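Scroll down for the structure; my scribbles are underneath it.
All values derive from a computational prediction rather than experimental measurement. Excluded from the calculations below are hydrogen atoms, water molecules and symmetry mates; all remaining heavy atoms, backbone and side chain alike, are included.
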Amino acid sequence: MQEKEILCTMALTRVSYSSLAGLLQLYRTAGSAARIVEYCNDIRELIPHAHPRLVEALRLITGEPMRRAEVEYKYNQDHNIEMLCYNDERYPARLRECDDAPVILYYRGVADLNQRHVINIIGTRNCTTYGKDLIRRLCEDMRLLCPQLLIVSGLAYGIDICAHREALRCGYDTVGVVAHGLDDLYPSLHRDTANEMITHGGLLSEFMTQTEPEKRNFVQRNRIVAGVSDACLVVESAAKGGALITAGISRSYNRDVFAFPGAVGAPRSEGCNNLIRDNKATLVTCAEDLTNAMGWNENTLLQPATKDGIERELFPTLTPEEQQVVSTLQKNNDLQINMLSVQANIPISRINSILFTLEMKGVIKTLAGGMYHLIV
């Protein structure tokens with residue numbers, strides 16, 4: 001994407017005159033932000049019925065808005081922040097379908113935002129052990145059923161951060177959509193996870209740097225969480241909360257919405273139960289329910305073989321000891337070296353070199369905390 005178009009798009013977002021949908025409609029009508037700036041003093045040549053407020057606002061775009069855009073552009077280049085304009089091929093194609101999509105996104109990461117399958121996992125900030133266990137089992141099982149998956153959430157406390165961490169543990173890329181600029185992180189307690197996500201997923205925002213995480217920004221960012229995804233999964237939610245807002249936006253975008261049920265009267269499951277009761281979400285109890293509903297069962301033949309400890313043809317030729325380690329991880333994945341040594345019945349002095357070889361062969365990978373993960 002040319003520098004001029006990026007600068008003009010950023011400057012356009014600094015002109016306050018219309019709603020998010022109105023801004024996108026202007027961009028679509030003109031065909032590019034550069035063309036809008038080119039006609040900023042004669043916008044009615046492009047849009048004959050332009051509102052007087054728009055006409056007046058665009059006459060100022062080459063002033064403060066463009067100066068701010070130039071500062072932002074320099075900062076982003078210096079800090080490896082990508083600027084994805086609406087017409088950029090790397091821009092999330094699913095989000096582009098939405099009538100209030102941002103005209104520009106800011107992105108730090110490596111994940112493909114147009115991955116084959118994308119799901120957002122959301123819920124309460126005060127999740128329970130039940131909710132955490134649901135996410136853990138979901139990610140582990142999804143790894144068998146649907147390897148090509150990007151997991152999106154909002155990096156908030158509770159269900160969000162649990163979804164990100166479990167995605168990373170299971171070898172998935174995961175993207176956090178934040179409600180502020182990428183020069184900071186909120187909440188700061190999640191910085192270590194966010195740093196890991198930058199190399200195994202990414203951070204995404206529509207906000208320029210120096211934008212504080214104000215309350216209204218969280219509601220605004222929820223539409224991005226919904227828009228970049230094929231489906232929305234609510235794990236736990238009270239009767240009111242941000243997760244229900246995202247679920248509602250997802251429905252308005254014609255996205256599939258799913259929810260895990262909870263015990264009747266359980267405060268953290270009330271929102272999920274209500275969604276299911278009111279036919280606003282499909283009930284799911286496991287990963288297979290979700291993949292069946294979405295038609296994502298890519299590895300249904302692989303799952304029984306993996307669970308039974310049968311060596312897959314995808315693996316390269318393995319020595320007996322290497323196969324012993326693989327078989328152990330197939331039965332109980334994600335083990336630290338000491339536990340792996342015991343369960344595989346291989347001395348610790350030998351298993352180090354075996355694990356190194358398996359990692360070089362692409363059979364296993366090391367996760368945070370010194371855990372060894374069998375790559376499905």
Test H164 against T193 for side chain to side chain donor-acceptor pair (under 3.5 Å), laying out the working first.
-> CA-CA 8 Å; H164 291 306; T193 301; over 6 Å; no
Return yes if some donor-acceptor pair links the side-chain N/O of D173 with the main-chain N/O of V110 below 3.5 Å, else return no.
-> no
For the pair R108 (side chain) and L182 (backbone), establish whether a donor and an acceptor sit closer than 3.5 Å, ignoring hydrogens and angles.
-> no
May I ask you to check whether over 12 heavy atoms, not counting those of D78, lie within 6.0 Å of atom CG?
-> yes
Are R90 and E82 close enough for a salt bridge, meaning some N to O gap below 4.0 Å?
-> yes
Residues D184 and R191 bridged, charged N to O under 4.0 Å = yes
Check whether NZ of the Lys or CZ of the Arg R96 lies under 6.0 Å from the centre of the six-membered ring of Y27 and within 45 degrees of that ring's axis.
-> no
Presence of salt bridge, R165 and D160, under 4.0 angstrom = no
Backbone of R350 reached by a side-chain donor or acceptor of S353 within 3.5 Å | yes
Do L203 and M10 belong to the same hydrophobic cluster, where Ile, Leu, Val, Met, Phe, Trp and Tyr are linked whenever their side-chain heavy atoms lie under 4.5 Å apart, directly or via other members?
-> yes
Would you confirm whether T211, through its side chain, and M208, through its main-chain N or O, come within 3.5 Å as a donor-acceptor pair?
-> yes
Between the main-chain N or O of G265 and the side-chain N or O of S269, is there a donor-acceptor pair closer than 3.5 Å?
-> no
